[in-house]
Number of protein chains: 4
Amino acid sequence: MPEHRRGPVRSEAARLAILEATARLFEERGYDQLTMEGIAAEAHVGKQTIYRWWPSKSAIVADCLVEGLLLSEYLSPPDTGDLRTDLVTWMRGILGFLENGGASLVRSLVAAAIDQPAIGARLEETMGVNDLLRARLESAVAAGQFSASRPTQAFGQAFVGAIVLHALVATPAEPDAAERLVDAVLG
Amino acid sequence: MPEHRRGPVRSEAARLAILEATARLFEERGYDQLTMEGIAAEAHVGKQTIYRWWPSKSAIVADCLVEGLLLSEYLSPPDTGDLRTDLVTWMRGILGFLENGGASLVRSLVAAAIDQPAIGARLEETMGVNDLLRARLESAVAAGQFSASRPTQAFGQAFVGAIVLHALVATPAEPDAAERLVDAVLG
Amino acid sequence: MPEHRRGPVRSEAARLAILEATARLFEERGYDQLTMEGIAAEAHVGKQTIYRWWPSKSAIVADCLVEGLLLSEYLSPPDTGDLRTDLVTWMRGILGFLENGGASLVRSLVAAAIDQPAIGARLEETMGVNDLLRARLESAVAAGQFSASRPTQAFGQAFVGAIVLHALVATPAEPDAAERLVDAVLG
Amino acid sequence: MPEHRRGPVRSEAARLAILEATARLFEERGYDQLTMEGIAAEAHVGKQTIYRWWPSKSAIVADCLVEGLLLSEYLSPPDTGDLRTDLVTWMRGILGFLENGGASLVRSLVAAAIDQPAIGARLEETMGVNDLLRARLESAVAAGQFSASRPTQAFGQAFVGAIVLHALVATPAEPDAAERLVDAVLG
DNA sequence: GCTTAATCGAGACGGTACGTCAGGTCTTGCG
DNA sequence: CGCAAGACCTGACGTACCGTCTCGATTAAGC
């Protein structure tokens, strides 16, 4: 029989205020302008309340991702029946997002991922690899446009990796970058 | 006729001491344990001498990469005549390097790249995309193993991106990760 | 009903440690060898704790004076009934103190007074003008040795000023300097 | 036969430029805003040229005083025949000068005097003690207004000391401060 | 209802590193 | 060889945050 704790439970209001303040500041200023003191002030919360529940700022950012506060998840590949066209459309959308301010957000997420591998994993997922892209690929396999023997996860990693690299290098994408990347990988 | 500057010129000794100290500390402790004060102390140099010539620590790290002080460039793909085998061998080497401490170094370089796009570009290059991998791919085209129409640069970006992602996510590679990645991309 | 402040209160231990460290270093090394970093180290205190409560090192020195940590207040004129003799004795004591290392302490205090007028005022007081010397003069007025019409404060300022000047100029006092000064002022 | 030095001699232009720049900056900003680098820049002179000839900034300030670049020497006591009236007039002039910005200049000079006793001596002189005041006192002795037995130098020190103290404490002088000081000292 | 204990906002604490400023010395090329 | 210029090493400056600790108030479960 478990020992019941006495006293008040964790304040959901504080938890949410912290996550929202973090998301807000993260998008405004980026990962390394993000400070624990800044979050505490923005959320009207004591620093100790943060440290009681999270060990580091990257952990908070990870939670923001998990709660869907950070990357809008509109980034799923369409399914018109033609795999190559769909992948190109999808990549164009992502590259467009990167060019319009998205790059710095992704860079910041990468920065957060550096000392919080879970963020990297979540980033991979969020950008479509595990679920959305896989679903699209399986649809393509069914349509005979994609060999069932090609490993879908690694395939997705190559795409997301290229995107991340693109965000890091920060060179403006050439007009046909989407096509070229899809062609390079799709064969 | 050029205006001659008067006064002392930049001290090459100081410049080298700083770069070497940076490389040393970077490999020992990683990017964010790297501090300007630490570099100054390790190089027996005044902080001002650093700030006179570099605006930020990421800029120094970038210079280290450019001077070849940071990533040994042994990472070129072999050429046995069989492209798939060679790429798998190459990837295995890299993944092995990541598993044995290399991952944190790459993570640190990514951290450095975040506010210094030139580092990202140099990182891309250093890890073989532009020259070494391209050469191998052209050899494969000549051998009829690779379609001349597939864009080699984007192809390389997919590889390097996957590697970077792998280093970020930091999950131990599965035994056949190299094969799967090559198969995914090569088709 | 007073508003209660929440949170920790100022640490008296830190406050005292800082003042004592300051007094110690001030006497050892003088005002301009005194550094904020030195005080922080000597007091085992963070620099911010100093800057939180004092705006400048002269303000700390002023507080040291106020707390009586700096000038031993043994410098009161005796009262044997003969004003001139007493003043000479008193001046001799002070000049002797100046010759034996006291001059540099007074010089340092003057340095501190330069950007902290309160120190000057306190210095004036401490050296006896306002209270001790005035009491002695009143006693002399009662004894008919001093005209009640002579302003005692200005009288004291002349004495202390001469002492300060003496400490600044740093010429070794001639044997009869005390007598001459008293005679000059007393008339 | 003396060895003749070879090479150019000390540049009088540089020497003057340095002294003038020092006087200019000193009056504009005060002693501790005065920096060697600032002087060098203002005088269009290399720092080494300063260090070659002066050991410290207070030494330069001392030279400025000696060259008469700093304190206008208009501060001599008048001689109407009535000593007390003359001293009061003289003190009033000085106190007025202190109130109108002179105090900070005197404070700065005192700061300079702290590590350059010669400045203190020169300051004492400049403010009239040794020559001008003594001459006036001797005239008073001749007129039977001042006892020949009172030591004139110590008398002057009391005056100048009170002035210095006044500049340090920085309290606005009361209207009758001049009278009171003269009466206190004169008896 | 009272006790007890964990929560909360606030913020002081000892520290580390920051990026800047000035100090005093050393080096370079010109006159 | 003096000079203007300026790079060098050093060390203190005042600031920003770190992560921990302390305060008084609040809140909820157990008695």
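All chains are named by letter (A, B, ...) in the order of the sequence lines, taking the proteins before the strands, and each is independently numbered beginning at 1.
- Protein atom CG of C:L25 is 14 Å distant from nucleotide atom C1' of F:dA12, rounded to whole Å.
- Considering only residues two or more places apart in sequence or on other chains, C:R24 meets the side chain to side chain contact (heavy atoms under 4.5 Å, CB included) condition with C:E20, C:A21, C:E28, C:E42.
- A:S58 OG to A:L65 CG: the interatomic distance, rounded to the nearest 0.5 Å, is 11.0 Å.
- For the OP1/OP2 pair of F:dC8 and a distance below 4.0 Å, the side-chain nitrogens and oxygens of B:W53 include at least one atom meeting the criterion.
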Considering only nitrogen or oxygen atoms on both sides, find all protein atoms under 3.5 Å from nucleotides 14-16 of chain E and state each distance.
{"unit_1": "E:dG14", "atom_1": "OP2", "unit_2": "C:T49", "atom_2": "OG1", "d": "2.8"}

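- When rounded to the nearest whole Å, the span between CD of D:Q33 and C1' of E:dA22 equals 12 Å.
- For the pair A:E42 CD and E:dA10 P, the interatomic distance rounds to 13 Å; values are reported in whole Å.
- Regarding D:D32, its CG atom lies at a distance of 11 Å from the P atom of E:dG23, rounded to whole Å.
- Taking atom CH2 of residue A:W54 and atom P of nucleotide F:dC18, one finds them 15 Å apart after rounding to whole Å.
- As rounded to whole Å, 16 Å separates atom P of F:dC21 from atom CE of A:M36.
- Across all their heavy atoms, D:V169 and C:A121 have their closest contact at CG2-N, 3.9 Å.
- Listed by first and then second residue, the salt bridge (Lys or Arg N to Asp or Glu O under 4.0 Å) pairs that reach into residues 45-61 of chain D are D:E37-D:K47, sequence neighbours excluded.
- The interatomic distance linking C:I50 (CD1) with E:dA12 (P) rounds to 16 Å, in whole Å.
- Side-chain contact check for B:L19 versus B:W54: some heavy-atom pair is nearer than 4.5 Å.
- Distance alone, capped at 3.5 Å, is enough to place a donor-acceptor pair between the D:R107 side chain and the D:A167 backbone.
- Distance CD (D:E12) to P (F:dG2): 16 Å, rounded to an integer number of Å.
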